[in-house]
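For reference, the structure is listed below as structure tokens.
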Amino acid sequence: MSRNSNGDFDTDQPAEPTTDTRPPSSIHRRSFLAATGVLSLGALVPAASSVGAAEPADTLNAKTRTTIWTAAMRENARRNIDRYEWARAERDSAVALADDYLDRYSLDDLWSLVTSQKIPRSGGTRGERSALGGISDPGTTRAWKMISADGYTLPTNDFAAYRESGLDDRGMFDPTLADDSLLVNEEHPEMGEGWGVDDGYGWIDEAGDIMGPGTRLNLVAYYNHWHVWRPGGYCASSAHFPGPTCSPASSATRGPGQSCSTASPTCTPK
């Protein structure tokens, strides 16, 4: 489907047959994906092996061609670029953003921003959102850290290091591989060794220091939802796609894992 000179969509473009875009086996998977879909962070695959016929037990490596943007859609986009100025402008903008990513970060850096399904996500209750400082800005540029409304740094353990220790050979977090010795309160030791510690599945506020006594606070899941995956709360990645929460210039001041902070003069959180 493409737009005509009146701005309407043409529907008479013949569908192009889906073709196998599998690269030669000598091409590194990341190199291939960088050339065919760099703007989709979810498509940056961590495996180091080359693409080939999938092994029965290796279903994660079974993909051999694009699936969301079909060959017909890609060909229509190319035709639009040849015909229309608006399409060329959109192409140039997308290429500039992709080039910015590739200039600043390696593909491993970009892949590491995507959390596995073994790190939960939680939007939190209204009370939890208020207690944890809101949803637009964690209040710190430290990865996997939030400043609560009462000034506590949560979670108190170094979850970034814990997650790193549990990455498998695909770069995906597996809690069975993680170093449990990192599950210790480093931020507020006066509160006790286990206070505020979250391995990804929550922490129970027994004394009610943050919310009511016995309340389970899903600190990591909350951060993962609002400050990793939600574009309104994660300036480290979304700043490259300027939106309502970050100014375009803000991307120049942070690296992967750093979020938009009120301390940053070039970032404009809401």
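Numbering starts at 1 and runs along the sequence shown.
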I'd like to know if the side chain of [X] reaches the main chain of [Y], judged simply by a donor and an acceptor atom lying under 3.5 Å from each other, with no hydrogens or angles considered.
{"X": "N157", "Y": "L182", "result": "no"}
{"X": "N185", "Y": "M191", "result": "no"}
{"X": "N80", "Y": "A87", "result": "no"}

Would T215 and I210 satisfy side-chain contact (heavy atoms from CB on, under 4.5 Å), going step by step from the backbone distance to the final call? CA-CA 9 Å; T215 300; I210 306 297; over 6 Å; no
_D179 and S181 side chains, donor-acceptor separation under 3.5 Å_ = yes
Q. Side-chain donor-acceptor pair under 3.5 Å between T176 and D174, yes or no?
A. yes
Is the shortest heavy-atom distance from the side chain of P175 to the side chain of D199 under 4.5 Å? no
Hydrophobic clusters here meaning ILVMFWY residues chained together by side-chain heavy-atom distances under 4.5 Å, can you tell me if Y201 and W144 are in one? no
**Message:** Test side-chain contact (heavy atoms from CB on, under 4.5 Å) on W226 and L132; report intermediate values, then the result.
**Reply:** CA-CA 11 Å; W226 290 112; L132 295 180; over 6 Å; no
Rounded to the nearest 0.5 Å, the NZ atom of K145 sits from the OG1 atom of T140 at a distance of 9.0 Å
Inset, instruction - Indicate the ring-plane relationship of F159 and Y162, choosing parallel, tilted or perpendicular according to the 30° and 60° boundaries. - result: tilted
Taken in chain and number order and not counting sequence neighbours, the residues that satisfy side chain to side chain donor-acceptor pair (under 3.5 Å) with R78 are none
